[in-house]
Amino acid sequence: MMKTPAKLIESYRAMLRIRRVEEALADRYAEQQMRCPMHLCIGQEAIAAGVCMALRRDDVVYSNHRAHGHYLAKGGDLNAMVAELYGRTTGCCGGRGGSMHLIDQRAGFMGSTAIVGGTVPLAVGAAWAARLQSKDFLGVAFFGDGCFEEGVIHESLNFASLHRLPVLFVCENNNFAVYTPLSERQPARPIHAIAQAHGWHTWTGDGNDVEAVAAIACEAANRARAGEGPQFIELETYRWREHCGPNFDEELNYRSIGEIAAGKQRCPVARSRAKLIGECLATEASLDAIEHGIAVEINEAFQFALSSPLPLGTDAATKVLAVSNSCAN
Amino acid sequence: MMKTPAKLIESYRAMLRIRRVEEALADRYAEQQMRCPMHLCIGQEAIAAGVCMALRRDDVVYSNHRAHGHYLAKGGDLNAMVAELYGRTTGCCGGRGGSMHLIDQRAGFMGSTAIVGGTVPLAVGAAWAARLQSKDFLGVAFFGDGCFEEGVIHESLNFASLHRLPVLFVCENNNFAVYTPLSERQPARPIHAIAQAHGWHTWTGDGNDVEAVAAIACEAANRARAGEGPQFIELETYRWREHCGPNFDEELNYRSIGEIAAGKQRCPVARSRAKLIGECLATEASLDAIEHGIAVEINEAFQFALSSPLPLGTDAATKVLAVSNSCAN
Amino acid sequence: MRELTYAQAIQEGLHQSMWADPRVILIGEGVPDPKAIFGTTAGLRESFGPQRVFDMPLSENGMTGICIGAALSGLRPVMVHQRIDFGLLAMDQLVNNASKWHYMFDGLAHVPMVVRFIIGRGWGQGPQHSQSLQALFAHIPGFKVALPATAYDAKGMLISAIKDNNPVIFIEHRWLHNIKDAVPAEAYSTPLDCARVLHEGDRVTVAAFSYMVVEAMQVARALAPHGIRIEVIDMRSARPLDVDTVAKSVRKTGHLLVLDTAWSSGSIAGELVARVVEKEFSALRKAPMRIALPDYPVPTSHHMAEGYYPGAIQIHEAISALTAVTLAPAAHEAVLASVRHSGPHDVPNIRFTGPF
Amino acid sequence: MRELTYAQAIQEGLHQSMWADPRVILIGEGVPDPKAIFGTTAGLRESFGPQRVFDMPLSENGMTGICIGAALSGLRPVMVHQRIDFGLLAMDQLVNNASKWHYMFDGLAHVPMVVRFIIGRGWGQGPQHSQSLQALFAHIPGFKVALPATAYDAKGMLISAIKDNNPVIFIEHRWLHNIKDAVPAEAYSTPLDCARVLHEGDRVTVAAFSYMVVEAMQVARALAPHGIRIEVIDMRSARPLDVDTVAKSVRKTGHLLVLDTAWSSGSIAGELVARVVEKEFSALRKAPMRIALPDYPVPTSHHMAEGYYPGAIQIHEAISALTAVTLAPAAHEAVLASVRHSGPHDVPNIRFTGPF
Ligand SMILES: Cc1ncc(C[n+]2csc(CCOP(=O)(O)OP(=O)(O)O)c2C)c(N)n1
Ligand SMILES: Cc1ncc(C[n+]2csc(CCOP(=O)(O)OP(=O)(O)O)c2C)c(N)n1
Ligand SMILES: [Mg+2]
Ligand SMILES: [Mg+2]
């Protein structure tokens, strides 16, 4: 699948777009107009981009607190996302959710939430619903290495395996939960080995290599869709910036400068660009054009957000309960 | 360890005692004086007896709703247990707990509770306390195959492995949670494989063979005590009677008559007796004497219970909060 | 008149809902097993097959999340827990996700899901198997919390709950399961936000939740022949609380007694007292009262649990105190005799012989 | 006078408790990390080492059970959760085990454990990161539920909580963390069952929980120069509720206003209203009132959250309504001006700039 230059360029574009969007968010965060916690995935873009390349629009994705990349890669509306961070009525949640609560159901992005592990079983539930309704969409959950410590993971692994559900788990192992390294939270054994013991098919790869990620995801998605049961993908990756917020965080000293530098060295975006150029799959000019297109799009998104109406305090009292149409009779 | 005839006889006695105690409970349950849910472990005695043979008195055991065997094998006071089922002041919980809440801390039996999975992390906590206090007792949790589906198992497996704690998990796989077979709850993969993936040392065996159980438990306990980390023991076993209550339950049709008969065929008590006699390790007369001694003990326990004072309704209002001595200053 | 037990009414409500809407699925530990959740799910797997009626792993939180996910992808799950105590394992998914999903995603999605929880008492269920935790759910915006007290409402409210597009916490008291009531054969919906006056009166308003309605009605019937008419309101829901119906009654009676099956402190009974007082202070002639459980767990021993659960006798006493009415000794004795629980205090009726 | 912030006071209480009792251990996600739970655990790993101060896996329920087990084997764990919302994952271990262990095992064992939960608001924490769930814990027998509102009490009550042999739910409001108060250097214990009159008055009793004490005190100070003296009671604990102190005050003032940081329905504010009414009905001259959150989640957008949190202005209005006192327009303006929140409504002070 990823073998065609077009696909490679598409995945490069998807990554670059996430990167530039988040850089723009980071730049403007200090203006104090995006007033909500914000977890950037800069450095981790290849996972979102690579996995979503392998998905259909009707495959449903659930995500976590670090959701921008997943949302964008799955086709979530950029304007609505930026507006959401600015708390505007045009935000994807009308301002109710902020950075940690994104949704674009038309794009198959069903929601991201702020409780670690909270959406993992929901993706399994989606896959179960697909099975019970004889549909062939997949349920997909993105989550981190820290999330893997939650009991609900075990329960989700068990049920999905029991029913051999068409579900993909994508574990983004960036070695940290907030500032706590994996070694202070989990024993030295591979995360995916546990999924395997639950009867899942498992995959591992370098989360900095979008091509590898997409290839794995493609295989895994095919298998899941073909009824071969749940698929677990564990990918190594690195978070460049602070856990929450716009900045780099060398000064916090919970990881070494050397480690950070090595992490950045594996930049998935640069790597992809180097390959495209090095193997003559794209010209500098065409990649610059992509860069430019993204810049324009981002600019428009911020303009859209900033020119969107502000919600009122009174709006907050609505939509507490769903209207129950079907109760009408 | 189990190689000596004395040990074999001791384990036979422990099993037979559990069997006879529970048979007596079952016989008298219809009198409607033991007014609480009661889960019998008849058929599963070898696990309690075998594992507890390998434990020291100061090793701490936590158990579940089906706790009689674990309590008795660990050295819990029989009188206090029977009195507890009769709801008397002399019960091990003064009547507050009933069959599902047993405790005898002097015997290292720290408590059994009614919420599936509820005590599993407590055993890990005990082992952690041992580690932090430089003591060398073990934490031991008995639980069923159904319990393994609870997320807290995953969390407990992870933490114990992370700190290589001196803990033993004993999974009594009787293939059922209430009336639901394992196949409707878990995929076809071994339970212990998951513990293994978490970095635990795992053991499996025939839970009807007390000698084998004791041998495994002994090895596992030695390893755990020697600092070689947590040990997971999965044992096949069979529950002869209904999930809850005194009776057999052929008429419920959730398992076949043939299956039940085959289960009983593997009777751990009969097997042990056959071996003792067959290999001339004990005489019929000596085993009859054991039987007789147990009968006397049980008779006394019921007399003790039935002649014990009844608690009053007003007693229920006490001990809601612990006195906080240390707050005195 | 056609009568069903509360358990049969639940079963019928489930059956008719599943028949009417193929999106409805049913899942819970023991749902298709021989005991069928106290009979409430009997025959449903046979009727609707293993693709709509499920047993489940012992994974309360995960399975709740899985049902939420299924609901978000078009199904309408009904989950069942044999004891509300097990619901504590699922609080994260229920409170953090189910109750908030519609709100926090701007109404773009909703979670049409019913979670049946059974509360109860007796036969030594003890501290971990007989809690009445409705207050924990009633505090949470986004939920509807139903506590039907009659077979009629059990069916009607369950049908409404299943049709509702919000997560509905549906709480059944075990001691109601075997009580019969007139239940129409056809499907019908009972609103999830209305209390109901079960017995009209003018002396005191007795607002009761769940099983306490049964106790209150005994007192109402016992007092009526003596010319003391109390107004019994079956609250039916804990969220929303139908304060208006109670307020209206209090304007008539001037007295309020609230009955709950839960620990007193922090109970929905307390909330109802507060709401009525905030609204109808001047209508009240005396301090309102509530009758609920003492603030400690129930012990298992039936000897020790004796007196733990307040019932008709205590209600009668409270009413006497509120209304300052003194019955003639013989009349008083007659009332007591007619409301006294017959048989052992720890079983709903003498046919109940355990084992759980 | 020596002053510390509330966060520093917590840290000092932890430090002194750990120093005094080697059985005390401290664990929580982020406890030893650079941000040190808003500074409250700063330096403790350095002081007491990695064998007493722990980070932990993201396993709230399991780790709670592990701490309970450790407590039963002789340790005295203090657990910390950065948000009370995460506590929903641990409800099973907390409610089914910790709160009941002592009771159900006949007092033979106890669970000396403190669980610190942080509640809060602002900076777009949104629906899942700023709940005020104290009512869920306050309903449960076997818990003590502390909500200190001052740095002085934060230290004293934390020390008491750690010395206490019961599970203590210790709830800190984030907007209190940076507020200073006089805090003695030595270790001292503050009782876990007593409210405190912070400001004496005769016009109305204002009973406040947690951060609402700050808002109430602003109003008290603003009104005093105008001759209106309100009695502000810092409730300090939600379980047990010190109803007596409030009742005594109400006997003096005849008016009750209760303030809570939680959703109104089913809040501890409601419980307090109910208890006071049940006890002091005849002392009340008007319907009691409560000020708490509206019954829906808080939206993330600061624009939409504007007005969600009631504060000094609303308290002032309620007091005016209760006491029927009308200030001269200029005085009224002066009061409003002095209590108005300065700077953006979604931050505790202008130095707060996010990002969480
Ligand atoms: C249940 C729960 N516990 C704790 C938190 C606080 N928290 C937010 S993000 C995070 C770290 C998650 O780590 P990981 O899953 O590896 O994702 P990453 O942030 O590394 O992408 C934590 C602990 C939370 N939101 N939910
Ligand atoms: C959290 C929880 N869920 C459900 C139950 C109801 N229940 C009691 S025992 C049991 C079956 C447990 O099966 P297993 O762990 O295999 O133990 P076994 O009864 O077979 O010994 C269930 C579901 C419970 N007590 N707690
Ligand atoms: Mg991570
Ligand atoms: Mg089993």
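Quick caveat, the model's predicted, so the values are computed rather than measured.
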Identify which of A/Ala177, A/Gly98, A/Ala317, A/Gly146 forms the greatest number of heavy-atom pairs closer than 4.5 Å to chain D. A/Ala317
Look at A/His101, A/Arg96, A/Met38 and state which one has the largest set of heavy-atom pairs under 4.5 Å with chain D. A/Arg96
When rounded to the nearest 0.5 Å, the distance separating CD of A/Glu184 from CD of D/Glu29 is 12.0 Å
Less than 4.5 Å to any heavy atom of chain D: does that hold for the side chain of A/Glu31, its backbone, both, or neither? neither
Taking all heavy atoms of A/Arg185 and all of D/Met56, pick out the closest pair and write down the distance. CG-O, 4.1 Å
Against chain D, label A/Met34 side chain, backbone, both or neither, depending on which of its atoms sit under 4.5 Å from a heavy atom there. backbone
Interface residues of residues 21-30 of chain A facing chain D - non-hydrogen atoms under 4.5 Å apart: A/Tyr29
If you round to the nearest 0.5 Å, how far is NE2 of A/His243 from NZ of D/Lys35? 9.0 Å
Mind checking which of residues 81-88 of chain A sit less than 4.5 Å from chain D, heavy atom to heavy atom? A/Tyr86, A/Gly87, A/Arg88
As an exercise, state the distance from CZ of A/Phe143 to CG of D/Leu58, rounded to the nearest 0.5 Å. 12.5 Å
Select, from A/Ala114, A/Cys93, A/Gly91, the one with the greatest count of heavy-atom pairs under 4.5 Å involving chain D. A/Ala114
Sort D/Leu88 into side chain, backbone, both or neither according to what part of it lies under 4.5 angstrom from a heavy atom of chain A. neither
Of the listed residues (D/Tyr308, D/Phe356, D/Trp123), which shares the most heavy-atom pairs with chain A below a 4.5 Å separation? D/Trp123
Which heavy atom of A/Ala316 sits nearest to which heavy atom of D/Met304, and what is that distance? CB-O, 3.6 Å
In Å and rounded to the nearest 0.5 Å, what is the NZ to OH distance from A/Lys319 to D/Tyr296? 14.0 Å
Out of A/Val178, A/Asn253, A/Leu252, A/Asp249, which residue meets the side chain to side chain contact (heavy atoms under 4.5 Å, CB included) rule with D/Pro34? A/Leu252
A/Gly245, A/Cys244, A/Gly151: which one forms the most heavy-atom pairs within less than 4.5 Å of chain D? A/Cys244
In this structure, CD of D/Gln128 is separated from NE2 of A/His65 (nearest 0.5 Å) by 12.5 Å
Closest approach of A/Arg35 to D/Val347 (non-hydrogen atoms, all atoms of both residues): NH2-CG1, 3.7 Å
Need one label for D/Asn61: side chain, backbone, both or neither, based on atoms under 4.5 Å from any heavy atom in chain A. neither
If you draw a 6.0 Å radius around CD1 in D/Ile350, do more than 12 non-hydrogen atoms from other residues or ligands fall strictly inside? no
Would you indicate whether the side-chain heavy atoms of A/Ile115 and D/Asp85 approach each other to under 4.5 Å? yes
Euclidean distance, A/Thr89 OG1 relative to D/His303 NE2, rounded to 0.5 Å: 10.0 Å
If we ignore hydrogens and angles and just use 3.5 Å, is the side chain of A/Gln186 paired with the main-chain N or O of D/Pro57 as donor and acceptor? no
